[in-house]
Every structure is written in structure tokens, then in C-alpha cells.
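Working notes for the structure below.
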Amino acid sequence: MFDILHNYWELLLLGQYPHGALGGLAITLILSLLGLGLAFPVSILLALARISPMAVFRVPATMLVYTIRGIPLIMVIFWVYFFLPLLIGRTITGFTTMLCTLVIYQSAYLCEVIRAGIEALPKGQLEASRALGLGYFRTLRFVILPQALYNMMPSMISQFVSTIKETSLGYVINVPEVTFAANQVNNQLLTKPLAVFSLLALIYFVLCFSFTELADYIERRITNKRAGKARKNKPDVGSKLSMTALPAAASKENS
């Protein structure tokens, strides 16, 4: 396994670059970052539509989210692969196909994460903002969304980990990501498939485990910050008792 990593690390990391197209682990990370980044604004719009009091927005958004979440990712890949060229009138690359697929698929999942983050906030936040004269959309923009997005940062990193693993399905449409690169290595060696794909599993494990630990660290920081604020805002019972006891003791002494 170490010999394979030593001899083929460039192919696994960058694909055929600089003598060909960029691929390998670099494309896996680029696809994951772009897919999640482009899905983020779409998911916010879907989440706002999901919690909207207007059925004309809420019902179509709910149907779309449930449909996408209820089917395998591979089916979305095939839909985009065959339908998008018909829609735009020209062929598209595997990278573009996979990117569009990730945007569609991750939007549905991120939408539910954002919706849960919004609904987890106290109802008094919205009521206080409206009492101060802020409109519905300004309340969402300046009060609700900043708090919700901050609270769901660990969930978004966990979703990024899921996106990294989902990019491996790009192999079926010849996207040159790290699984595709590992298969190229296997085709050159022919006799060491177990070692090659064990190395691939190790690469995915190290990458996903690192981001999972990052998500846990951020979640602990957020929890500790909330606990610190709660302790800071909590009244000191001992001081309150002493403050009430002093006047009573003084009045008894004077009497």
C-alpha cells in the first residue's frame, strides 16, 4: 500500500495534471466545496418557502424537498446527465453534470437543516423584532438567519462530509475524482485491487474523520459559549439573599 502511495500519489492527488485534466482528490474537494457553496443560497430560499405561511410557496417547496430526499443520488445523476443536455441544447461535461446534481441534492438536505435551525430559535426573537418595527424579511435577514446559520455550522460541516462521499458516484459518468483515479491505478497494476481500494478507503476515512472532528470541535465551542452566556446572565442567588437580608437585619437592630 505504501509503495502504491509513493508511486501514484500525484495521480491520486491531481489526476493527469499538469499533462492533462485536473482530477483525483483535488477534484473531489473542488466538487464538494462548489456543490455545497452553490446549494447554500438555494437551500435558504427553500427553507424560507418551507416555513412560509403562504401555501403557494410552502407546498411546492415541500413537495420538491420530499421528492429529492426520497430518491437515491444515482437517479438524480442520471436525470441531470440525460435531461440537462436536452434542456440547454448541447452536451455537458461530467464535472458539470455532477456539480448540478450535488447542487440539487444538497439543496434539499441543507434546506431541512436550515429550517430546523430557524424553528429551534425562541419565538420571542421574531415577536420582539416585529414589535421594534422590523418587517418580516428584515427580521429574517438581520435577526433570525444570522443566529440560525451560526447554530447550524456543525451540521453544515457534517453535510460537507456527506458531499465528499457522494462525489464518488461521479465515477459512473467519468468524472476524474479520486475514485476514478484509484481505478486508473488499479488498471495499471492489475494484481493489487485490494491494496488500491484499501488505500482509497483510507483516504476517504482520513478526510471525512478530520472534518467530522472539526464539526465536533465547533459544536463544543458553540455549546460552551452558550453555557458561558447563560451563567453570565443568571442572577447570583447568594448576592440577592444577602441584599434582602441586610435591610431586614438593619430594621431588626434599630427596633
Under a 3.5 Å distance rule, please check whether T96 uses its side chain to pair with a backbone N or O of I92 as donor and acceptor. no
Closest non-hydrogen contact found for I27 with P176 is CB-O, 4.0 Å
* **Within one Ile-Leu-Val-Met-Phe-Trp-Tyr cluster: L45 and L110, side-chain cutoff 4.5 Å** => no
Are there more than 12 heavy atoms of other residues, nucleotides or ligands under 6.0 Å from atom CZ of F142? yes
Q | Pair R69 + E112, salt bridge at N-O below 4.0 Å | A | no
* Name the orientation class of the two ring planes belonging to Y109 and Y105 (parallel below 30°, tilted from 30 to 60°, perpendicular beyond 60°). => tilted
* To do: Using only heavy-atom distances, determine whether the side chains of S158 and S155 contain a donor-acceptor pair under 3.5 Å.
  => no
Discussion item. If you define the side chain from C-beta out and look only at heavy atoms, does anything of L11 sit under 4.5 Å from Q188?
Written reply: yes
Note: E166 and L73 closest approach over all heavy atoms is CB-CD2, 3.4 Å
Under 4.5 Å between any side-chain heavy atoms of L99 and L31, yes or no?
yes
### Message
Could you go through F180 and V175, starting from their C-alpha distance and side-chain angles, then the distance that decides it, and tell me whether this counts as side chain to side chain contact (heavy atoms under 4.5 Å, CB included)?
### Response
CA-CA 7 Å; F180 187 87; V175 179; over 6 Å; no
Closest non-hydrogen atoms of R50 and V65, given as atom of the first, atom of the second and distance, are CD-CG2, 4.3 Å
* Report yes if some heavy atom in the side chain of S107 is under 4.5 Å from a heavy atom in the side chain of V103; otherwise report no. => yes
dist F78:CZ -> T101:OG1 (nearest 0.5 Å) comes out at 10.5 Å
Q.
Hydrophobic clusters here meaning ILVMFWY residues chained together by side-chain heavy-atom distances under 4.5 Å, can you tell me if L64 and M54 are in one?
A. no
Heavy-atom side-chain contact between L121 and N151 under 4.5 Å
yes
**Request:** Establish whether I104 and M63 are linked, either directly or via other cluster members, by ILVMFWY side-chain heavy-atom contacts under 4.5 Å.
**Result:** no
| query | How far apart are the C-alpha atoms of I118 and I114, what are their side-chain angles, what is the distance that settles it, and do they pass the side chain to side chain contact (heavy atoms under 4.5 Å, CB included) test? | reply | CA-CA 6 Å; I118 293 174; I114 296 173; 4.0 Å; yes
- Query: Is a side-chain donor or acceptor of T28 paired with a backbone partner of V178 at a separation under 3.5 angstrom?
  - Reply: yes
**Study point:** N224 side chain to R220 backbone, donor-acceptor under 3.5 Å
**Key:** yes
- Counting only heavy atoms not in F197, do more than 12 sit closer than 6.0 Å to its CZ atom? yes
Taken to the nearest 0.5 Å, the spacing of L25 CG from L13 CG works out to 6.0 Å
In this structure, SG of C100 is separated from CG of L34 (nearest 0.5 Å) by 11.0 Å
Check your understanding: Side chain of Q147, backbone of V143: donor and acceptor closer than 3.5 Å?
Key -> yes
Tell me yes or no: between the side chains of S52 and R58, is some donor less than 3.5 Å from an acceptor?
-> no
Worksheet entry | Path from L189 to L194 over hydrophobic side-chain contacts below 4.5 Å | no
Smallest heavy-atom separation, T91 atom then P85 atom, equals CA-CB, 4.3 Å
Smallest heavy-atom separation, C208 atom then V161 atom, equals CB-CG1, 3.6 Å
Can you say whether the rings of F211 and F160 are parallel (under 30°), tilted (30 to 60°) or perpendicular (over 60°)? perpendicular
| Does some side-chain heavy atom of L149 sit less than 4.5 Å from a side-chain heavy atom of F40? | yes
Check your understanding: Is L86 reachable from W79 through a run of hydrophobic residues whose side-chain heavy atoms are each under 4.5 Å from the next?
Key -> no
| query | Would L22 and I30 satisfy side chain to side chain contact (heavy atoms under 4.5 Å, CB included), going step by step from the backbone distance to the final call? | reply | CA-CA 10 Å; L22 183 65; I30 290 172; 3.9 Å; yes
Please assess L202 against S198 for the test side chain to side chain contact (heavy atoms under 4.5 Å, CB included), listing each intermediate value before the final yes or no.
CA-CA 6 Å; L202 180 62; S198 296; over 6 Å; no
Output for pair (I164 CD1, Q159 CD), nearest 0.5 Å, gives 11.5 Å
The reported gap from SG in C111 to CD1 in I51 (rounded to nearest 0.5 angstrom) is 9.5 Å
When every non-hydrogen atom of A49 is compared with those of A61, the smallest separation belongs to CB-CB, 3.6 Å
(Q) What I want to check is whether the side chains of S168 and Y204 have a donor and an acceptor closer together than 3.5 Å. (A) no
Any T163 side-chain heavy atom under 4.5 Å of L33 side chain | no
Rounded to the nearest 0.5 Å, the OG atom of S43 sits from the CG atom of L38 at a distance of 11.0 Å
